[in-house]
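A short write-up of the structure that comes next.
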Amino acid sequence: MFELMDGFLKNDPLSLQKDILDHVEYTVARSRFSFDDFEAYQALSHCIRDRLIERWHDTQLHFKRKDPKRVYFLSLEYLMGRSLSNSIINLGIRDQCADALSQLGFEFEVVAEQEGDAALGNGGLARLSACQMDSLATMDFPAWGYGLRYQYGLFRQVILDGFQHEQPDYWLNFGNPWEIERVHVTYPVKFYGTVEEEILNGEKYKIWIPGETIEAVAYDNPIPGYGTRNTITLRLWAAKPSNQHDMEAYNTGDYIDAVVNRQRAETISSILYPDDRSHQGKELRLKQQYFFVSASLQDIIRRFKDVHKDFNKFPDKVALQLNDIHPALAIPEVMRVFVDEEHLGWNKAFDLTCKIFSFTTHTVQAEALEKIPVDLLESLLPRHLQIIYDINSYFMEELKKRIGLDYNRLARMSIVEEGAVKSIRVANLSLFCSHTVNGVSKLHSELLQTRVFKDFYELWPEKFQYKTNGVTQRRWIVVSNPNLCALISKWLGTESWIRDIDLLIGLREYATDISLHQEWQMVRRVNKMRLAEYIEATSGLKVSLDAMFDVQIKRIHQYKRQLLNILGIIHRYDCIKNMAKDDRRKVVPRVCIIGGKAAPGYEMAKKMIKLCHAVAEKINNDSDVGDLLKLVFIPDYNVSVAELVIPGADLSQHISTAGHEASGTGSMKFLMNGCLLLATADGSTVEIIEEIGEDNMFLFGAKVHEVPTLREKGSTIKVPLQFARVVRMVRDGYFGFQDYFKSLCDTVEGNSDYYLLGADFGSYLEAQAAADKAFVDQEKWTRMSILSTAGSGRFSSDRTIQDYAEKTWGIEPCRCPL
Ligand SMILES: CCc1ccc([C@H](C)CC(=O)N[C@@H]2O[C@H](CO)[C@@H](O)[C@H](O)[C@H]2O)cc1
């Protein structure tokens with residue numbers, strides 16, 4: 001590994017050993033002569049934490065000195081996963097730590113497994129935030145992440161009789177070595193109340209008299225860069241009752257009430273909403289959004305005012321990134337502070353506001369765009385509603401100048417939606433008040449411009465950009481696939497691809513090199529073995545390593561079409577069953593692996609999980625089929641499970657109906673690890689095709705422009721007999737639970753097959769057959785696998801962040817001197 005500068009704390013194995021034992025004794029408070037794997041994990045984590053803190057202080061001091069323009073990433077979700085291995089890799093001391101542990105009788109892997117995931121998010125958006133923080137740190141950008149410190153992360157998925165059950169994820173049970181409580185960094189956050197007017201030096205100002213005040217306390221998480229001393233901050237807010245609260249209660253002498261009220265305050269940051277579909281009008285959700293926005297902006301403006309007096313400089317020093325619309329209340333909140341507290345005047349305030357905000361949307365469906373009921377906003381945030389009305393009337397005036405009295409369009413674009421439930425269109429607010437708006441893949445941005453935000457694009461085309469997502473190769477190769485990492489470094493003759501991933505292209509020249517093929521296949525087989533052991537441990541199923549490991553792991557959604565995968569597996573099973581014994585020798589054995597959580601209220605998604613188990617029950621216990629076909633549902637899919645499954649996968653499926661997946665980032669992780677993709681031309685897959693070529697993937701399905709016409713055709717579409725047959729098998733109870741699966745079958749027949757499973761089934765089976773054919777030709781498969789990794793550079797979150805830094809935020813690296 002690169003040798004980086006030690007701070008005061010030395011990183012040689014002996015020093016690490018000593019520090020580990022000191023933390024066992026003084027931090028974990030166990031005897032240094034007898035402690036278990038978990039205590040070793042706690043002790044080592046504190047050792048690493050100490051080293052992170054040193055770099056952190058140096059970095060923050062350097063930023064203070066240089067006072068560069070900073071970017072503030074506002075996100076309600078971060079799927080960080082585990083921190084120990086990633087921190088050790090980024091510090092470049094993996095071997096030293098492994099040595100120190102083994103000399104104390106511990107195995108690094110076993111100790112690293114003791115850590116629970118920090119699962120403060122749902123899916124793609126949340127993990128993207130985490131990957132981007134790693135790249136921001138590694139590329140030395142002066143950046144901060146802001147979010148909420150949920151006490152309960154994303155629920156644990158427990159499968160009972162094939163059904164998903166949700167268990168609370170109290171992840172802070174044994175403390176969290178990766179955070180530092182900043183007791184001195186607290187801000188009051190106001191809710192409810194009324195808005196009064198006051199005259200100050202002849203000027204009329206609005207003042208907001210809150211009905212309730214909650215204290216926000218900062219918890220800082222150091223985010224180390226790879227191959228740099230820079231360590232940036234992820235600041236997560238926790239809600240605490242403000243002291244002013246108790247006094248009132250005591251006067252009335254009602255002690256119990258006082259404590260209950262205290263408890264109530266903490267509920268704001270207690271739990272992550274486990275649903276990545278839209279939440280219309282949930283008060284707690286809105287309180288969470290405003291709570292973290294208000295605390296973050298108070299902190300950001302305090303940091304600016306510590307150095308600057310003139311707010312005209314604010315846009316030169318601050319860039320605010322809205323990670324989807326969830327933090328969009330930051331817009332009226334900045335206006336409120338600039339107008340009501342800093343008295344900058346409305347026009348100046350609005351001019352500054354539009355210069356600091358940029359907005360990324362992660363959804364394709366217009367109906368998924370959240371709206372806030374006006375009456376809810378009026379009671380919870382009365383001043384913000386006034387400001388949003390002011391912004392909208394200014395907006396409408398501007399629009400009339402541009403489009404005249406086109407009332408339909410004015411009504412479509414308005415931030416205020418009249419109608420049964422008068423509500424605020426947060427997306428329109430974000431579009432009007434942001435200087436830059438982007439989708440997360442090229443195709444996604446085209447759909448935003450031509451469909452979802454068409455009205456806005458036609459008027460402000462210059463605002464619209466695309467920033468194709470990316471993933472960090474540190475976690476998704478170096479941490480999760482160390483053998484492949486070593487192999488790549490060996491053949492490229494350098495490790496600098498870990499910071500400069502475009503170097504991976506150098507593997508192309510060896511794509512047909514037999515000795516690389518052998519080493520490549522060996523690495524992959526070892527990873528398959530590890531995955532097979534995990535499958536046996538979690539499901540009791542023994543799987544053959546010679547089978548193709550076919551994986552689909554992501555949140556369960558109808559548009560992601562896990563049902564198409566399951567119907568394809570039923571077809572494969574049915575074919576094998578009806579095949580003559582001799583022909584079975586030609587069958588390519590498959591282990592189909594599916595994993596993912598369904599939002600608790602998402603009935604159809606939960607039915608898909610049950611169907612998967614019912615089909616698995618049938619197939620896996622059918623000795624007639626034996627190892628030719630196995631189906632496994634991996635429970636409680638999360639970041640750490642992904643780190644184990646992805647390196648062991650031969651084929652991965654990304655089969656959403658074209659035009660529905662904004663980007664997809666799982667595909668990029670599989671690509672980096674040399675796993676071949678079976679996919680539709682949707683989201684970022686379109687750009688993956690551009691990079692590695694159609695002949696290194698298995699593509700199928702309707703293209704995005706064909707989908708609307710196919711939908712119009714509805715039940716007149718000719719679906720293959722095989723499709724009708726497999727749906728019939730489910731409907732007739734071949735896998736049991738006939739009544740329970742009826743509605744699921746109804747969603748894919750005739751007119752209601754909105755996600756076009758029937759229309760795409762034929763080409764899906766062809767693509768699967770092509771994958772079978774390629775798999776038996778291991779020379780061909782390995783070449784395609786090497787070319788996948790070689791062409792994955794573009795999908796590093798380093799490239800994504802470079803795009804944002806250059807084209808949206810206007811920030812420069814600020815590298816902390818060694
Ligand atoms: C309001 C609840 C809620 C919470 C989260 C979300 C996310 C935006 C859903 C999400 O994670 N979208 C995924 O974002 C990824 C990162 O950009 C994309 O790669 C995926 O295509 C997109 O589905 C929507 C609604």
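All values derive from a computational prediction rather than experimental measurement. Every number for a ligand or one of its atoms is a count from 1 in the order of the listing.
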Heavy-atom distances under 4.0 Å are what count here, so tell me which part of Leu125 touches ligand 1: side chain, backbone, both or neither.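 Under 4.0 Å from ligand 1, Leu125 contributes backbone and side-chain atoms.
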Asp275, portion touching ligand 1 at heavy-atom distance under 4.0 Å: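 For Asp275, only backbone atoms sit under 4.0 Å from ligand 1.
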Within 45° cone and under 6.0 Å: [X] NZ/CZ vs [Y] ring:
| X | Y | result |
| --- | --- | --- |
| Arg285 | Tyr273 | yes |
| Lys597 | Phe155 | yes |
| Arg235 | Tyr219 | no |

Quick check on [X] - does any of its heavy atoms sit under 4.0 Å from an atom of ligand 1?
| X | result |
| --- | --- |
| Glu77 | yes |
| Arg285 | yes |
| His557 | no |
| Asp324 | yes |

Heteroatom proximity flag, [X] to ligand 1, N/O under 3.5 Å:
| X | result |
| --- | --- |
| His362 | yes |
| Tyr559 | yes |
| Gly664 | yes |
| His326 | no |
| Asn469 | yes |

Which of the ligand 1 atoms, numbered from 1, are nearer than 4.0 Å to a heavy atom of [X]:
| X | value |
| --- | --- |
| Glu370 | 1 (C) |
| Glu661 | 20 (C), 21 (O), 22 (C), 23 (O) |
| Ala662 | 21 (O) |
| Val440 | 17 (O) |
| Gly124 | 11 (O), 14 (O), 15 (C), 16 (C) |

Go through it in stages, so that I can follow the logic: the residues are Ser441 and Asn469, the test is side chain to side chain contact (heavy atoms under 4.5 Å, CB included), and I'd like the CA-CA distance, side-chain angles, deciding distance and then a yes or no. CA-CA 6 Å; Ser441 72; Asn469 284 162; over 6 Å; no
Residues in ring-ring contact (aromatic ring centres under 6.0 Å, His included) with Tyr152, at least two apart?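 With sequence neighbours excluded, Tyr152 shows a ring-ring contact (aromatic ring centres under 6.0 Å, His included) to Tyr170, given in chain and number order.
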State which residues pass ring-ring contact (aromatic ring centres under 6.0 Å, His included) with Phe191; sequence neighbours excluded, sorted by chain then number.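 Partners of Phe191 under the ring-ring contact (aromatic ring centres under 6.0 Å, His included) test: Tyr290.
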Report the residue from Asn673, Leu644, Ile646 that forms a side-chain contact (heavy atoms from CB on, under 4.5 Å) with Asn481.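 When Asn673, Leu644, Ile646 are each tested with Asn481, the side-chain contact (heavy atoms from CB on, under 4.5 Å) holds only for Asn673.
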Ring centers of Tyr804, Trp809 separated by less than 6.0 Å: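 Distance test on ring centres: under 6.0 Å, yes.
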Does the gap between the ring centers of Tyr466 and His444 come in under 6.0 Å?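 So the answer is no for these two rings.
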Could you go through the salt bridge (charged side-chain N to carboxylate O under 4.0 Å, His left out) check for Arg149 and Glu179 one step at a time? CA-CA 10 Å; Arg149 179 182 181 263; Glu179 68 178 7; 2.8 Å; yes
